[in-house]
Undergrad: 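I'd like to ask some things about the structure below.
Counting starts at 1 for both ligands and their atoms, following the listed order.
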Amino acid sequence: MTTTRFAPSPTGYLHVGNLRTALFNWLIAQKQGGTFILRLDDTDPERSKPEYAEAIKEDLTWLGLTWDRIEQQSTRLDRYTEAADKLRDSGRFYECFETPTELDLKRKKQLNMGKPPVYDRAALELTEAQKQAYRDEGRTGHWRFKLNHERIEWTDGILGDISIDAASVSDPVLIRGDGQVLYTLASVVDDTEMGITNVVRGSDHVTNTATQIQIIEALGGTLPGFAHHSLLTGPQGEALSKRLGTLALRDLRERGVEPMALLSHMARLGSADPIELRSSHAELIEGFDLTKFGSAPTKFDVEDLFPLTHRHLGTLPLEAVADDIAALGVPADQAERFWRVSRENITTRADLAGWWKLFSEGATPLVADEDREFIAQALTMLPEPPYSDSAWSEWTSAVKEATGRKGKGLFMPLRKAVTGQERGPDMADVMPLLQKKPTL
Ligand code: GLU
């Protein structure tokens with residue numbers, strides 16, 4: 001039975017980078033008919049906020065990425081303590097007393113000597129008396145997991161065969177001096193106890209995975225399959241980390257990006273499959289294949305979401321937008337036509353407002369100097385609204401007769417005068433929507 005999890009820390013809003021992780025895990029669970037767990041990694045009481053937890057749920061719900069179960073690490077602290085005791089009993093856990101400043105100094109020294117900044121295990125040499133002396137000084141110990149210095153190997157679902165020398169990695173701190181259980185331990189305990197079969201996360205976690213494999217083994221757990229997806233970069237390949245804050249899912253929602261557009265993009269971006277607009281979750285799930293994703297950094301351009309949003313909107317029936325349209329004040333009997341006329345001419349739903357303003361209040365006419373007289377004359381031949389389906393053809397025929405203009409020279413200036421734009425919907429459809437007679 002496949003079980004996956006998405007494990008955000010509720011310390012901020014979800015962004016496109018997080019979404020990739022959430023989506024992959026969700027898709028895998030859906031495809032296998034398995035379970036998808038939303039796990040809130042909230043062991044940091046200072047940085048975790050209930051409002052972020054709510055926001056995470058809201059954002060996932062917006063996208064329809066629903067979870068079968070929700071778990072909260074802050075309610076499972078006793079499980080982590082138990083695991084820590086087990087590690088301590090097996091001699092794989094040791095107490096350290098270095099301050100952050102001391103650790104920093106050690107790292108700098110190592111780097112100066114051209115050595116990798118790996119923790120030197122000095123604490124292993126401490127006698128009980130020395131430890132007591134530190135405690136008497138007011139220091140509280142933090143706890144590290146003692147890695148076995150051997151190669152840690154796994155076949156990654158995306159990266160292929162991985163082999164990491166444990167000696168090149170610092171023994172991970174699992175419990176801080178203030179007693180706070182850190183992510184590495186909590187995650188391992190949860191993954192093991194919750195029967196997670198596939199762990200999919202960003203490639204910034206590759207080293208974590210190496211250490212977690214040893215911790216899982218030390219705790220006697222079963223190893224899940226691991227896969228690490230590439231990280232997103234900006235369109236030019238620039239690091240996205242600093243800009244991710246502006247790529248929060250709620251900001252995209254605010255900017256009018258449609259869920260299916262976002263999901264269609266993110267479910268295939270960085271894979272060998274083309275990015276196409278999908279119409280349903282089922283379609284996204286069906287074609288999803290983790291092995292088709294590459295390990296190279298993946299370029300993400302927020303602007304790509306808008307053509308997809310436009311195309312998605314073009315597929316929607318009136319029911320899907322009826323509320324938005326009613327909210328603009330469009331009369332119910334004109335909603336169908338309003339949607340037909342505007343859907344191909346909007347990027348996001350918000351653009352509907354502009355079209356309704358144009359139809360209800362009139363556009364600022366776009367009239368070339370040499371057309372002013374022509375338009376003035378044409379307008380005298382247009383009655384007051386309401387306009388029927390044939391209003392446009394009747395009007396243009398009459399204008400043609402009176403002025404001798406035809407073709408583009410006839411239609412274009414009239415379109416520009418009525419809509420203020422050079423291109424747009426079929427004028428025969430536009431006319432019946434006009435609530436006021438156009439003026440110069
Ligand atoms: N809370 C961790 C993070 O957001 C979870 C990583 C993982 O999936 O194990 O990075």
Side-chain angles (χ1 to χ4, degrees), residues 2-29 34-50 52-53 55-57 59-60 65 67 69-77 79-80 83 145 152 154 156-159 162 164 169 172-174 176 180-216 219 221-232 240-241 244-245 247-249 266 290 293:
T2 300
T3 304
T4 63
R5 72 344 182 246
F6 172 50
S9 303
T11 55
Y13 296 119
L14 294 184
H15 49 65
V16 286
N18 304 131
L19 171 59
R20 216 157 169 240
T21 312
L23 185 56
F24 287 5
N25 283 289
W26 183 84
L27 287 166
I28 291 169
T35 302
F36 174 65
I37 298 177
L38 172 60
R39 191 183 85 198
L40 297 170
D41 285 3
D42 59 351
T43 53
D44 183 339
E46 240 135 69
R47 294 179 58 229
S48 302
K49 299 263 183 292
Y52 288 130
I56 287 168
K57 291 189 235 171
D59 290 345
L60 292 177
L65 304 185
W67 48 94
R69 237 167 77 198
I70 187 158
E71 296 284 354
Q72 222 176 317
Q73 290 194 325
S74 58
T75 65
R76 293 175 43 80
L77 299 177
R79 310 297 307 146
Y80 311 142
F145 175 73
I152 305 170
W154 75 93
D156 194 278
I158 294 174
L159 304 176
I162 302 278
I164 290 178
V169 182
V173 177
L174 300 189
R176 288 203 327 196
Q180 189 184 312
V181 173
L182 290 179
Y183 151 77
T184 309
L185 178 60
S187 185
V188 157
V189 172
D190 289 348
D191 287 342
T192 308
E193 293 188 1
M194 293 172 194
I196 302 299
T197 55
N198 305 61
V199 171
V200 181
R201 53 193 175 195
S203 52
D204 48 338
H205 283 288
V206 166
T207 310
N208 280 339
T209 295
T211 61
Q212 289 183 359
I213 285 175
Q214 283 205 2
I215 302 171
I216 294 171
L219 289 171
T222 311
L223 289 178
F226 290 100
H228 297 84
H229 60 73
S230 65
L231 300 183
L232 298 179
L240 211 54
S241 48
L244 281 172
L247 294 171
L249 301 188
M266 298 311 289
L290 197 67
F293 284 80

Undergrad: Going by distance alone, is a donor N or O of one side chain under 3.5 Å from an acceptor N or O of the other, for D44 and Y183?
TA: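 Side chains of D44 and Y183: no pair found under 3.5 Å.
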
Undergrad: Give me the ring orientation class for F293 and F24: parallel if the planes are under 30° apart, tilted from 30 to 60°, perpendicular past 60°.
TA: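 The rings of F293 and F24 sit tilted, inter-plane angle from 30° to 60°.
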
Undergrad: Roughly how far apart are S230 OG and H228 NE2, rounded to 0.5 Å?
TA: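 Output value for this atom pair is 12.5 Å.
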
Undergrad: Would you call R5 and E71 a salt bridge, taking side-chain N to carboxylate O under 4.0 Å as the test?
TA: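 Salt bridge between R5 and E71, a charged N being under 4.0 Å from a carboxylate O: no.
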
Undergrad: Taking any residue with a non-hydrogen atom under 4.0 angstrom from an atom of ligand 1, which ones do you get?
TA: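 Those residues closer than 4.0 Å to ligand 1 by some heavy atom are R5, A7, S9, D41, Y183, S187, R201, H205.
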
Undergrad: Would you say the side chain of Y80 lies within less than 4.5 Å of the side chain of T43, judging by non-hydrogen atoms?
TA: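 Sidechains of Y80 and T43: in contact.
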
Undergrad: Do the side chains of D191 and I216 get nearer than 4.5 Å, heavy atoms only?
TA: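 The answer is no; the side chains never approach within 4.5 Å.
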
